[in-house]
Amino acid sequence: MAFNLTRRRFLQSASLAAASIPLSKVVSAETGFVQSPLEPKGSLKEETATGGICEMCFWRCQLIGKKRDGRLIKLEGNPKSIDNGTSICARGNAGIKLLYDPDRLKYPLKNVGERGKPVWKRISWEEALEECSSKLKGVVDKYGPQGIAVFPHGSTAKYPMHFFERTVGTHNVSEASFFQCRGIRDTAYWATIGKAPGENVDMPNSKAIMLLGSHIGENVHVSHVKSFIKGLQNGSKLIVVDPRYSAAAAKSDVWVKIKPGTDTAFLLAIMNYLVKTEKYDVDFIDEWADGFDEFAEGIADWTFEKAAKECNIPVEQIKEVADILADNAPNVSIHPGRHVSWYGNDFQRQRSLACLTALLGAYYVEGGWVPGIKPKVGKVSWAKHDHGDEHNLNYNEDEELRHPFTPPGTPTELIRDAALTGKPYPIKGCVIWGQNPIQTIPGQEKMKDVLRQMDFVMCVDVMPTDATMWADILLPEASYLERFDLVKTGTQWDFSEKHQQYITARMPLVEPMFERKDNVFITNAIAKGMGHEEEIPVKTVEEMVEKNLAVAGLSIAQLKKEDGIHLRDGKDPYGIPEDFEVLLYNEDIEDAGFPGVPTYMPVEPPPAGFARLLYGRVPVHTFNRTQNNAWLNFAMPENPVWINDETANKLGLKDGDIVGLVNSEGFKSRTTTTVKVTPGIRKDSVYMAHGYGSANPLLSVAVNAGVDDTSLMTKIAIDPETGAHGMRNNFVKLIKDGKVLDIPA
Ligand SMILES: Nc1nc2c(c(=O)[nH]1)N[C@H]1C(S)=C(S)[C@@H](COP(=O)(O)OP(=O)(O)OC[C@H]3O[C@@H](n4cnc5c(=O)[nH]c(N)nc54)[C@H](O)[C@@H]3O)O[C@H]1N2
Ligand SMILES: Nc1nc2c(c(=O)[nH]1)N[C@H]1C(S)=C(S)[C@@H](COP(=O)(O)OP(=O)(O)OC[C@H]3O[C@@H](n4cnc5c(=O)[nH]c(N)nc54)[C@H](O)[C@@H]3O)O[C@H]1N2
Ligand code: SF4
Ligand SMILES: [Mo]
């Protein structure tokens, strides 16, 4: 809630809502549910549409839609799915409310005001696309292709991203899913086992599961949650390492209430113990691992005592965890994590997780790390060209890589610094597609400065957001329920059941409304306008899907006949492939100037009077993108700040008190939220759900609801090996009734 706009507005809207429903008439006697008096009765045409794929988050559960007279009235899991089955989560259900959200983008818009303070004018698609292509071509002509920066995310963003990267030729593409999410995990595992790990842990068949930060249950990916629950039902032990009593911690055998930022020390002590006591899998290491001696020597100092002090946890607890893992090896799931851009020391922690999995012999065995074997489909997109590395910002003057273990694309901070300094070259054109760089990337004011200095900013989204306020041209995309786009493949999640694979493609459940268009239409028109008509790989999005399906001998028509999902026999995923290798010590990392054996790098502690700001997910929202959804806002309208109960007592704070926040660099939150007083968080930290506190007034439900965690991340940390962001190095105090409260030590 905004300062000064708190209870009154809420009460007003609540009484209005109550006044509009004549309750006595519509409460069903049998169910007690309130029915809308507008709901049509019986006579209208009902049908079920199949082939939907959810994108309320990026897990892509398979859907069917119940329709009445052409209008989608309910979403359900596709009964044929071997992934989510008939289940979908709260956000998946609420997709209907995104589809019909009256605030959604409907027409192409031109900003005739300022960036950041837009005044929107409706324009035609012809005019909008002409403007985008001529302005972007202008940037390329004046500054070269490297003058364009792209901030993409989501299934439709790949096609335009490939166009700008492969065809136009800019390296300056920064995906939120890499540089603010899982990129560090992927490259750290690449540097250890030669593969990105996904979340491929065989939890249903585990004897012990260890989650480091991953708060499964609040982090909701339906089939992943199912496989976690099945593991627990099957009797797996659960170790949860988290400074906060998360939903997963509530199910754990051991909750390690670790000091934030010290996880690597914890892991090193466990590994040193396994090595010293020979409780590691000697046969596995002999056969599959390289660099054991350097590794053992490099971690030799890490006693339980040393780690316990660093991590602020009991010595006995580290030993307890190490013994649970050793006793249950190799059938243990060491979860690789997903959002891992935490502190700017994260590559080494992710390497530690990969090495620990090896010491336990837990690759490709029941209950361990096991990638399912997926069917092959096509990947039609823009043809790859080599544009050289001359304009790759990741190379320094001596032609050395600044961040040698970077995920694909260019680290966000390198792009922003170049844009702001004009060195080594200016960046003057910006394409934002399915990303919200204002609320996703630390350094919000810096991002605004970057966008301010652009010659042209275009944005493709489904909703108005805090990022779309910075566009010159804003284009409305058809939502995931109204379009074709990706082909998705996978396997069943419990490998002890029969082996099966699936292939599905996202198909529209309803026709696009208003003037919304798909990614291929938009990208091709811009490509044509920029002079790249010859290189266009497909004419329509359906053609792309058909070509990708054809590689697997399928077609859209065939998938429709099969209720949206094609199933085929799968393969046994257990058993180590012959070319598998684990690099416990990696010489390349050392040659690049970083520790080749996993190494702990301490992070800055909170200054006196401040607590560390931690954040995470809540089951009913996905980042910022679901905030305006009426059902989901109803389920969780703001993001209470978790504060330790003893600390709260000292400060005189009670559950539900309204507070603002100020960080150690003096930045004050624009809005307020409530306090959640709990023993379930350490005294040195506070915690809040990410994604709240939208500033865009066109979001009639979400505007000013809760506090924007990203706005408080003014201090920016960079993980040196990868260039990805660390986001948990900001420190805050609470403000109540205008008074700033010092957090007691
Ligand atoms: N409902 C819902 N589900 C989602 C999403 C969503 O937006 N909504 N987003 C999806 C996406 S894209 C991702 S990447 C995943 C992310 O999901 P995860 O990878 O599970 O989430 P994180 O945000 O990394 O983890 C947050 C947890 O880390 C803890 N934590 C904070 N600091 C530390 C520390 O120093 N050490 C340890 N051990 N723990 C710490 C926090 O207390 C919190 O419980 O969730 C996915 N699932
Ligand atoms: N402070 C903070 N920052 C974080 C995180 C955090 O926990 N805290 N989490 C990090 C993680 S794990 C991730 S993955 C990133 C995610 O970062 P983003 O990808 O920026 O997050 P979203 O909120 O999904 O924003 C995506 C935008 O896509 C739009 N959108 C939704 N559907 C469509 C569509 O079909 N087409 C188009 N064109 N647009 C669409 C939404 O309206 C929204 O504006 O954020 C990272 N940043
Ligand atoms: S986990 Fe929920 S939001 Fe994500 S794809 Fe599945 S149903 Fe949709
Ligand atoms: Mo993510």
Side-chain angles (χ1 to χ4, degrees), residues 52-63 75-77 81 83-84 87-95 98 101 104-105 151-157 160 175-183 185 219-226 337-342 412 432-442 444 459-468 474-483 485 488 506 516 518-519 522 613-617 619-629 632 688-694 696 699 708-713 724-725 727-728 730:
I53 300 184
C54 185
E55 189 135 315
M56 292 296 277
C57 83
F58 301 104
W59 202 246
R60 295 168 187 160
C61 297
Q62 295 102 62
L63 302 174
L75 293 166
E76 292 173 4
S81 168
D83 179 55
N84 55 297
S87 320
I88 51 175
C89 77
R91 300 162 297 155
N93 266 287
L98 166 71
D101 189 332
R104 253 186 79 187
L105 302 176
F151 297 100
H153 195 190
S155 59
T156 64
E175 288 184 82
S177 48
F178 287 153
F179 292 99
Q180 288 78 34
C181 178
R182 62 187 161 80
R185 175 195 78 182
N219 149 0
V220 176
H221 283 155
V222 170
S223 53
H224 204 53
V225 176
K226 283 190 177 192
R338 180 157 164 129
H339 170 61
V340 297
S341 37
W342 294 354
T412 320
I432 299 172
W433 196 305
Q435 196 188 114
N436 178 349
I438 298 292
Q439 286 176 290
T440 290
I441 303 171
Q444 202 166 74
C459 199
V460 182
D461 208 298
V462 291
M463 292 294 296
T465 71
D466 289 19
T468 62
L474 175 52
L475 303 177
E477 190 166 62
S479 75
Y480 70 96
L481 295 168
E482 301 162 288
R483 68 180 186 233
D485 64 56
K488 185 177 187 299
R506 178 174 283 142
R516 295 159 186 152
D518 66 63
N519 59 342
I522 300 171
L613 175 64
L614 304 180
Y615 58 82
R617 282 120 245 296
V620 298
H621 278 294
T622 303
F623 321 117
N624 174 259
R625 65 196 288 158
T626 54
Q627 292 288 323
N628 204 60
N629 189 295
L632 301 177
M688 59 165 61
H690 162 57
Y692 282 78
S694 303
N696 193 328
L699 295 166
D708 178 1
D709 59 323
T710 313
S711 71
L712 292 155
M713 297 174 186
H725 274 127
M727 304 162 82
R728 294 181 180 159
N730 286 268

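Counting convention: from 1, in listed order, for ligands and their atoms alike. Heads up: numbering here begins at 1 and tracks the sequence. Below, all heavy atoms of this structure are taken into account, side chains as well, without hydrogens, waters or symmetry copies.
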Heavy-atom pair with the smallest gap, counting every atom of Asp466 and Gly693: OD2-O, 4.2 Å
Would you compute the distance between atom CE of Met56 and atom OG of Ser479 and round it to the nearest 0.5 angstrom? 9.5 Å
List the steps and the verdict of salt bridge (charged side-chain N to carboxylate O under 4.0 Å, His left out) for Glu55 and Arg60. CA-CA 6 Å; Glu55 189 135 315; Arg60 295 168 187 160; 3.2 Å; yes
Just to be sure I understand the site: which N, O or S atoms from the protein are less than 2.8 Å away from atom 6 (Fe) of ligand 3? Cys61 SG
Numbering the atoms of ligand 2 from 1, which are under 4.0 Å from a heavy atom of Tyr615? 6 (C), 7 (O), 8 (N)
To check your reading of the model: name the closest protein heavy atom to atom 39 (N) of ligand 2, its residue, and the distance in Å. Gly434 CA, 3.3 Å
For Arg728 and His339, which heavy atoms make the closest approach, and how far apart are they? NH2-CD2, 3.7 Å
Looking at Met727, which atoms of ligand 2 are within less than 4.0 Å of one of its heavy atoms? 2 (C), 3 (N), 4 (C), 47 (N)
Do the side-chain N and O atoms of Asp83 and Ser223 include a donor-acceptor pair separated by under 3.5 angstrom? yes
Taking only non-hydrogen atoms of Trp433 and a 4.0 Å limit, the atoms of ligand 2 in range are 38 (N)
What orientation do His621 and Tyr692 show, parallel under 30°, tilted 30 to 60°, or perpendicular over 60°? perpendicular
Is the shortest N/O to N/O distance between Thr622 and ligand 2 below 3.5 Å? no
For atom 14 (S) of ligand 2, what's the nearest protein heavy atom and its distance? Phe623 CZ, 3.5 Å
So how far is it from Thr440 OG1 to Met713 CE, rounded to the nearest 0.5 Å? 10.0 Å
Taking heavy atoms and a distance under 4.0 Å, where does Arg182 meet ligand 2: side chain, backbone, both or neither? neither
Approximate separation, where rounding is to 0.5 Å, of Leu699 CG and Asn629 CG: 11.5 Å
Report yes or no: does Arg338 have a heavy atom closer than 4.0 Å to ligand 2? no
Shortest non-hydrogen contact from Asn696 to Thr465? ND2-O, 2.8 Å
How close do Val220 and Cys89 get, heavy atom to heavy atom, and via which atoms? CG1-CB, 3.8 Å
Under 3.5 Å between some N or O of ligand 2 and some N or O of His153? yes
Heavy-atom pair with the smallest gap, counting every atom of Ser694 and Asn624: OG-ND2, 2.9 Å
Flag Glu477 as yes when one of its N or O atoms lies below 3.5 Å from any N or O atom of ligand 2, and as no otherwise. yes
Taking atom types as modelled, find out whether Asp101 and Asn628 have a side-chain donor-acceptor pair closer than 3.5 angstrom. yes
For ligand 2 and Gln180, I'd like to know whether there is a polar contact (N/O to N/O, distance under 3.5 Å). no
Atoms of ligand 2 less than 4.0 Å from Asn624 heavy atoms? 23 (O)
Within the structure, does Val460 bring an N/O atom to less than 3.5 angstrom of an N/O atom in ligand 2? yes
So if I count the atoms of ligand 2 from 1 in the order they appear, which ones are less than 4.0 Å from some heavy atom of Asp709? 1 (N), 2 (C), 8 (N)
At a non-hydrogen distance cut-off of under 4.0 Å, which region of Gln435 contacts ligand 2 (side chain, backbone, both, or neither)? both
Identify the two heavy atoms, one from His153 and one from Ser177, that lie closest to each other, and give their separation to 0.1 Å. NE2-CB, 3.4 Å
Would you mind telling me if ligand 2 is within reach of the side chain of Arg617, the backbone, both or neither, using heavy atoms under 4.0 Å? side chain
N/O separation below 3.5 Å, Ser177 to ligand 2: no
When you measure from the side chain of Arg483 to the backbone N and O of Ala478, does any donor-acceptor pair fall under 3.5 Å? yes
Do ligand 2 and Ile441 have nitrogen or oxygen atoms that lie under 3.5 Å from each other? no
About how many Å separate CZ of Arg91 and CG of Leu632, when rounded to the nearest 0.5 Å? 8.5 Å
Using a heavy-atom cut-off of under 4.0 Å, does the side chain or the backbone of Arg483 touch ligand 2, or both, or neither? side chain
CD of Gln62 to CD1 of Ile88, rounded to nearest 0.5 Å, is 11.5 Å
Suppose we measure from atom 31 (C) of ligand 2 to each protein heavy atom; which comes out shortest, and what is that distance? Arg625 NH2, 2.9 Å
Nearest to atom 15 (C) of ligand 2, what protein heavy atom do you find, and at what distance? Thr440 CG2, 3.7 Å
Please confirm whether Asp461 comes within less than 3.5 Å of ligand 2 when only nitrogen or oxygen atoms on both sides are compared. yes
Could you check Leu75, Asn84, Ile53 and say which one makes a side-chain contact (heavy atoms from CB on, under 4.5 Å) with Cys61? Asn84
